[in-house]
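Just so you know, these numbers come straight off a predicted model, no measurement behind them. Residues: numbered from 1 along the sequence shown.
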Amino acid sequence: MKNSDDSGYTGNHVGVCVLDTGIFPHIDFTGRILAFQDFIGHRIRPYDDNSHGTHVCGIIGGDGRASEGRIRGIAPGCSLIVLKVLDRTGNGRKEDVLQAFRWILENKRYYGIRVVNISVGTTCRRAEDHRVLIAGVEQLWDAGLVVVAAAGNQGPRAGSVTAPGSSRKIITVGSSDLLTGRTAISGRGPTFECVCKPDLVAPGNHVLACAPGADNGYGVKSGTSMSTPLVAGAAALMLEKNPELTNVQIKMKLKESARDMGLPKNQQGWGELDLERFMEL
């Protein structure tokens, strides 16, 4: 992932909390993993037994030192707070996710958490589980955090946005290059509550970012999980530029700067993330 922002901002001093499979201490994150909390194996040191979380963190904040600056995240100066809520197969329990939400509320001030990235989605069997996840994520939003979640890869049928991305409050991201044709897997609205989703889209197909392993290498992944951290990283840049902004103001700026792709609202939302336009607002 190449940082396409030339504004000079790196997300310095902005805490981004990532709920995922964990993080491998890749050289591209040196000195910037502020906290690691393991709700699965309760281990102390950062690890990632799947690779998904490391990839997502790389898109947000890898600084590219292992690739001589060629492969960098959007906000290579941000701080990373990583909560492992998914196991090595990428599955998680609602209880662990809710516990992680509580941890964020208790620790957000201490670690300077401003942005929460949830590249995790579930199609809940029970409406009650769905409701509980949405309520949990909306508590984070109401506490002033910029919460960015994936639309999920259950598309293209209508109503395929996963929870908690189906919350009306938070920022839900689909994949701009997985919307049409044979690869149209990006989740789309309307949601269960008839809300138009996603809010916007960003590239998510064949994204190169950090991979676990002693060689500090990179790997390719695709999906709305890869689009979401682009928006989370953009929010981190904007919060470095203007720390006073609220989550609602950031959501509005994303809306105003998105590039209309000419697709239905329940497919593309407001349109595709335009980082340069966003940073100029």
Side-chain angles (χ1 to χ4, degrees), residues 1 16 18-20 52 56 59-60 74 97 115-124 130 133-134 136-138 140-141 145-207 221-236 238 247-275 277-278:
M1 189 59 236
V16 182
V18 180
L19 281 75
D20 218 292
H52 190 277
V56 165
I59 297 170
I60 293 172
I74 291 287
V97 174
V115 183
V116 179
N117 187 96
I118 309 176
S119 285
V120 175
T122 173
T123 43
C124 299
H130 187 95
L133 270 176
I134 302 284
V137 86
E138 289 184 350
L140 299 182
W141 183 268
L145 294 162
V146 178
V147 184
V148 189
N153 305 327
Q154 312 278 336
R157 62 185 175 75
S160 52
V161 174
T162 53
S166 46
S167 154
R168 74 170 64 236
K169 289 185 179 180
I170 69 171
I171 299 160
T172 308
V173 186
S175 288
S176 54
D177 43 10
L178 296 170
L179 287 176
T180 55
R182 284 213 311 261
T183 56
I185 59 167
S186 187
R188 62 189 63 181
T191 69
F192 192 56
E193 288 85 19
C194 294
V195 180
C196 204
K197 283 281 174 178
D199 293 299
L200 76 165
V201 291
N205 199 14
H206 293 299
V207 179
K221 290 189 190 297
S222 300
T224 58
S225 284
M226 283 62 251
S227 309
T228 307
L230 288 176
V231 176
M238 184 58 90
N247 51 4
V248 175
Q249 287 170 319
I250 291 213
K251 190 175 179 180
M252 288 300 97
K253 284 182 186 293
L254 285 167
K255 181 179 184 174
E256 287 161 33
S257 60
R259 193 177 56 76
D260 185 6
M261 297 172 70
L263 291 166
K265 279 276 182 283
N266 275 310
Q267 208 167 336
Q268 67 154 30
W270 309 313
E272 186 173 30
L273 171 71
D274 185 329
L275 189 57
R277 264 171 70 184
F278 174 65

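Between Trp141 and Val248 there is a side-chain heavy-atom pair separated by less than 4.5 Å. No side-chain heavy atom of Ile171 sits less than 4.5 Å from a side-chain heavy atom of Val147. Using a 4.5 Å cut-off on side-chain heavy atoms (C-beta onward), Gln268 and Ser176 make no contact. Side-chain atoms of Val201 and Met261, non-hydrogen and from C-beta on, do get closer than 4.5 Å to each other. Put simply, the side chain of Leu275 reaches to within 4.5 Å of the side chain of Ile74, judged on heavy atoms. Side chains of Val116 and Leu19 form a contact here, defined as non-hydrogen atoms less than 4.5 Å apart. With contacts defined as side-chain heavy-atom distances shorter than 4.5 Å, the pair Lys221/Val207 does not qualify. Here the side chains of Val231 and Phe278 are not in contact, with every heavy-atom distance at 4.5 Å or above.
The distance from atom OG of Ser166 to atom CD of Glu193, rounded to the nearest 0.5 Å, is 6.5 Å. One finds the OG1 atom of Thr180 at 7.0 Å from the CG atom of Leu263 (value rounded to the nearest 0.5 Å). A distance of 11.5 Å separates SG of Cys196 from CZ of Arg188, quoted to the nearest 0.5 Å. Remark: Leu145 CG to Ile170 CD1 distance equals 11.5 Å, nearest 0.5 Å. We find the CD1-OG distance between Ile134 and Ser167 to be 5.5 Å, quoted to the nearest 0.5 Å.
Smallest separation of non-hydrogen atoms from Val161 and Gly187: CG2-C, 3.8 Å. Listed here is the closest heavy atom pair of Ala235 and Val115: CB-CG2, 4.1 Å. Here the closest heavy-atom approach between residue Ala232 and residue Val148 is recorded as CA-CG2, 4.1 Å. What you find for Ser119 and Ala150 is that their closest heavy atoms are CA-CB, 4.1 Å. Annotation for Leu230 and Ala202: closest pair CD1-CB, 3.9 Å, computed over non-hydrogen atoms. Nearest heavy atom pair, residue Gly121 against residue Thr162, reads CA-OG1, 3.4 Å.
Using modelled atom types, one finds a donor on one side chain and an acceptor on the other under 3.5 Å when comparing Ser227 with Ser175. A donor-acceptor pair shorter than 3.5 Å cannot be found between the side chains of Ser257 and Asp274. A side-chain N or O of Ser225 and one of His52 form a donor-acceptor pair less than 3.5 Å apart. Using modelled atom types and a 3.5 Å distance limit, the side chains of Thr191 and Lys197 yield no donor-acceptor pair.
In this structure, the side chain of Asn153 does not engage the main chain of Gly223 through any donor-acceptor pair within 3.5 Å. Looking only at distances, no side-chain donor or acceptor of Arg277 sits under 3.5 Å from a matching main-chain atom of Leu254. With Thr224 contributing its side chain and Gly152 its backbone, the two residues share a donor-acceptor pair below 3.5 Å. Judged by distance alone, the side chain of Asn205 and the main-chain N or O of Ser222 form no donor-acceptor pair under 3.5 Å. In this structure, Asn117 contributes its side chain and Val18 its backbone to no donor-acceptor pair below 3.5 Å. A donor-acceptor contact shorter than 3.5 Å is absent between the side chain of Glu272 and the backbone of Arg259. The closest donor-acceptor contact from the side chain of Thr172 to the backbone of Asp199 lies at 3.5 Å or more, if one exists at all.
In this structure, Lys251 fails the cation-pi test against Trp270, since its NZ or CZ atom is not both closer than 6.0 Å to the six-membered ring centre and inside 45 degrees of the ring normal.
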What's the verdict on side chain to side chain contact (heavy atoms under 4.5 Å, CB included) for Ile59 and Met226, showing C-alpha distance, side-chain angles and the deciding distance?
CA-CA 7 Å; Ile59 297 170; Met226 283 62 251; 3.9 Å; yes
